[in-house]
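Worth saying up front: this structure is predicted, and the values here are computed from it rather than measured. Residue numbers start at 1 and run along the sequence shown.
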Amino acid sequence: MDDVPRAAPEGAPDGAGPRRAGAGPRPHRRTPRRCGRRRARAGRGAARGEGPPGGVRLGQRGAAHPRRPTRRVSAPGVAVRRAAIDALVRIDRDDAYANLVLPSVLDGAELDERDRHLVTELVYGSTRRRRSLDWLYAPFVHRELDPEVRAALRVGTYQLHLTDVPDHAAVSATVGAVGGRVRGFVNAVLRKVAAVDVTWPDDATRLSYPDWILDRLRGDLGEEDALASLEAMNEPAVTHRREDGYVQDLASQWVVELCDAQPGERVADLCAAPGGKSTGLARSGATVVAGDLRPSRVALVAANAERTGAAGVHALVADAAAPPFPDQTFDRVLVDAPCTGLGVLRRRADARWRGGPEDVERLAELQRRIVDAAVPLVRPGGLLVYSVCTLTAAETLGVDAHLAAAWPQLEPLPAPPEPWRPWGRGGLLLPQAAGADGMMILRLRRPA
Ligand SMILES: C[S@@+](CC[C@H](N)C(=O)[O-])C[C@H]1O[C@@H](n2cnc3c(N)ncnc32)[C@H](O)[C@@H]1O
């Protein structure tokens, strides 16, 4: 979730991160290949969590062993699977952030560029699709799995059902990457998984999200938009780099543009870390006071300002709910609020598995407190901009409704044009609308 301290994917250097726009050909397919092809074999109407029918016990050999796998860490593809399994074990067992684990695993592995991309896809893909993958192999497993075996089954199942890697290569390279004690078991399970013809029990399992996220977005966006949003966020993000080198999604760049900061203006960015929007705003020639609650994250703002040459950014530790500035100080105040982050799940592979439904109201309450504290900072004639990278009604329409009731004198600016859609008095960008992050923006002018 967005208020959890973490290294932000935005602004990070390339390499382990998501695919760059215009980068080389994508090696693997983007959509599930088995769904619908072998339906007859997957128990239609299987109860949630049961998965397709079958069963393999630890130690049981698969029926066929055309090429009995041996441990060959140097064999093609084995090192890639080993690296992916190592990363997944740390993400799963240690609850580590995927975007922090992956670079350190890649640093420790001697892999060429193509293999590094494959490790990245396997780790992020298997993390995103965890629920789908676990459902696919579950019927063939009848005991508690240790983290390494679970990671191997996820990596193997991901390749078998969500990439173009040939089945024999997916199975043998994955089996070759695990310890001898469990190789036979992993081999036997993956061979059964390869033969599964999928009929998903429900959309949350098919799309691999916790029930609460699908339920919430269904209620807030409607069935069609909710499913399309969640489908879109299963695709890797395309990386966009600004002229100053900062990596920033288009949706965030559009928020900066919509703030329309002018040279010489004083702008407050009250929830600024890691500084993507602050550094973007400063490029207009405005002076940007960039506050964030956590000192470690304020340091990120300062570092990013230095790296991008954004001399107009002044980073400081400040609570946006009690900002240490006199009233009517700023021409523009941006509240890019802490939120559930449900619009940026494609950029944060593990984020969907963190947090829960209780976060929505907790964060909406914080957002209301922050905007209430932000309004007095705006000078007469100045602009308040509220943005969140989430899609829940409570954090978008709910905050808008609160502002309308608490600050009726504020005048809304028109909603931005397509691909934004009108949303309350502001605009909503769905993740499927433009291949960008999901985002909501609301712009309110204080009368002169
Ligand atoms: C959506 S992120 C901001 C992203 C940033 N504007 C950018 O574009 O790079 C929200 C930020 O709010 C910060 N935050 C959470 N609670 C806060 C509070 N009470 N006051 C100030 N910042 C807060 C978090 O640390 C996080 O960095």
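- The nearest pair of heavy atoms linking V333 to A374 is CG1-CB, 4.0 Å.
- The only option from D437, T340, T396 that meets the side chain to side chain donor-acceptor pair (under 3.5 Å) definition with T390 turns out to be T340.
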Quick one: do Q367 and E395 satisfy side chain to side chain donor-acceptor pair (under 3.5 Å)? Show the steps, please. CA-CA 7 Å; Q367 291 152 4; E395 299 171 272; 3.0 Å; yes
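- Taken to the nearest 0.5 Å, the CG atom of L397 stands 8.0 Å off from the CG atom of D220.
- The existence of a salt bridge linking D244 and R242 is confirmed by a sub-4.0 Å separation between a basic side-chain nitrogen and an acidic carboxylate oxygen.
- A salt bridge links D92 with R154: the closest approach of a Lys/Arg side-chain nitrogen to an acidic carboxylate oxygen falls below 4.0 angstrom.
- Put simply, the side chain of E235 never gets that close to the backbone of E231: no donor and acceptor are under 3.5 Å apart.
- For the atom pair CG of L384 and CG of L442, the computed distance is 7.5 Å after rounding to the nearest 0.5 Å.
- Taking 4.5 Å as the limit, every side-chain heavy atom of H161 sits out of range of all side-chain heavy atoms of R129.
- Considering every non-hydrogen atom in both L391 and L221, the closest pair reads O-CD2, 4.0 Å.
- Counting only heavy atoms from C-beta outward, the side chains of L153 and L133 never approach each other to under 4.5 Å.
- For residues 375-385, the side-chain hydrogen bond (donor to acceptor under 3.5 Å, both in side chains) pairs, not counting sequence neighbours, are D331-R379.
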Which is it for E121 and T163 under the side chain to side chain donor-acceptor pair (under 3.5 Å) test, yes or no, and what are the steps along the way? CA-CA 10 Å; E121 174 169 355; T163 74; 5.9 Å; no
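- N304 places a side-chain N or O within donor-acceptor distance of the main-chain N or O of L300, the cut-off being under 3.5 Å.
- The pair R206-D203 counts as a salt bridge, with a side-chain nitrogen and a carboxylate oxygen less than 4.0 angstrom apart.
- When side chains are defined from C-beta on, F140 does not count as touching L190, because their heavy atoms never get closer than 4.5 Å.
- At a threshold of 4.5 Å between non-hydrogen side-chain atoms, the residues L345 and Y209 count as touching.
- Residues forming a side-chain contact (heavy atoms from CB on, under 4.5 Å) with A436 (at least two apart in sequence, or on another chain): D249, L250, A251, W254, L429.
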Take L145 and Y137 through the side-chain contact (heavy atoms from CB on, under 4.5 Å) test and state the conclusion after the steps. CA-CA 12 Å; L145 295 176; Y137 69 68; 3.8 Å; yes
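- With hydrogens and angles disregarded, a donor-acceptor distance shorter than 3.5 Å links the side chain of R443 to the backbone of P414.
- At distances below 3.5 Å, at least one donor-acceptor pair connects side-chain atoms of R445 with backbone N or O atoms of G381.
- The structure places CG of D319 at 10.5 Å from CZ of R294, a figure rounded to the nearest 0.5 Å.
- Heavy atoms only, all atoms of each residue included: A98 and Y124 are closest at CB-CE2, 3.8 Å.
- Judged by distance alone, with hydrogens and angles left aside, the side-chain atoms of S284 form no donor-acceptor pair with the main-chain N or O of P263 at under 3.5 Å.
- Side-chain atoms of V189 and V149, non-hydrogen and from C-beta on, never get closer than 4.5 Å to each other.
- Heavy-atom neighbours of E224 CD from other residues, nucleotides or ligands within 6.0 Å: at or below the threshold of 12.
- By the 4.5 Å heavy-atom criterion applied to side chains, D211 and R131 are counted as neighbours.
- Judged by distance alone, with hydrogens and angles left aside, the side-chain atoms of D269 form no donor-acceptor pair with the main-chain N or O of V288 at under 3.5 Å.
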Going through the distances and angles, do V378 and W407 end up as a side-chain contact (heavy atoms from CB on, under 4.5 Å)? CA-CA 12 Å; V378 182; W407 305 93; over 6 Å; no
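- When all heavy atoms are compared, the tightest approach of A272 to A290 is CB-CB, 3.6 Å.
- Closest approach of G355 and W212 over heavy atoms only: O-NE1, 4.1 Å.
- When the options L413, V385, L403 are evaluated for a side-chain contact (heavy atoms from CB on, under 4.5 Å) with L444, the one that passes is L403.
- Note: S229 OG to L428 CG = 8.0 Å, rounded to the nearest 0.5 Å.
- L102 CG to D107 CG: the interatomic distance, rounded to the nearest 0.5 Å, is 9.5 Å.
- Considering every non-hydrogen atom in both L366 and P338, the closest pair reads CD2-CG, 3.6 Å.
- Checked for salt-bridge contact, D359 and R362 meet the test: a charged N lies under 4.0 Å from a carboxylate O.
- Side-chain atoms of T279 come within 3.5 Å of backbone atoms of G276 as a donor-acceptor pair (strictly under, hydrogens ignored).
- Considering only residues two or more places apart in sequence or on other chains, R128 meets the side chain to side chain donor-acceptor pair (under 3.5 Å) condition with none of them.
- In this structure, the side chain of D400 engages the main chain of R425 through a donor-acceptor pair within 3.5 Å.
- Side-chain atoms of R130 and T127, non-hydrogen and from C-beta on, do get closer than 4.5 Å to each other.
- Ionic pairing of K277 and D336 is present here: one or more N-O contacts between side-chain nitrogen and carboxylate oxygen are shorter than 4.0 angstrom.
- Of the possible donor and acceptor atoms, one in the side chain of R332 sits under 3.5 Å from a partner among the backbone N and O of C259.
- R116 places a side-chain heavy atom less than 4.5 Å from the side chain of E113.
- Between R82 and E148 there is a salt bridge, since a side-chain N of the basic residue sits under 4.0 Å from a carboxylate O of the acidic one.
- Of the candidates R352, R354, R348, D350 forms a side chain to side chain donor-acceptor pair (under 3.5 Å) with just one, namely R354.
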Chi angles and distances behind the side-chain contact (heavy atoms from CB on, under 4.5 Å) call for R90, V105: CA-CA 10 Å; R90 285 165 61 183; V105 166; 3.7 Å; yes
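- The environment of CD in E223 is crowded: more than 12 heavy-atom neighbours from other residues, nucleotides or ligands sit within 6.0 Å.
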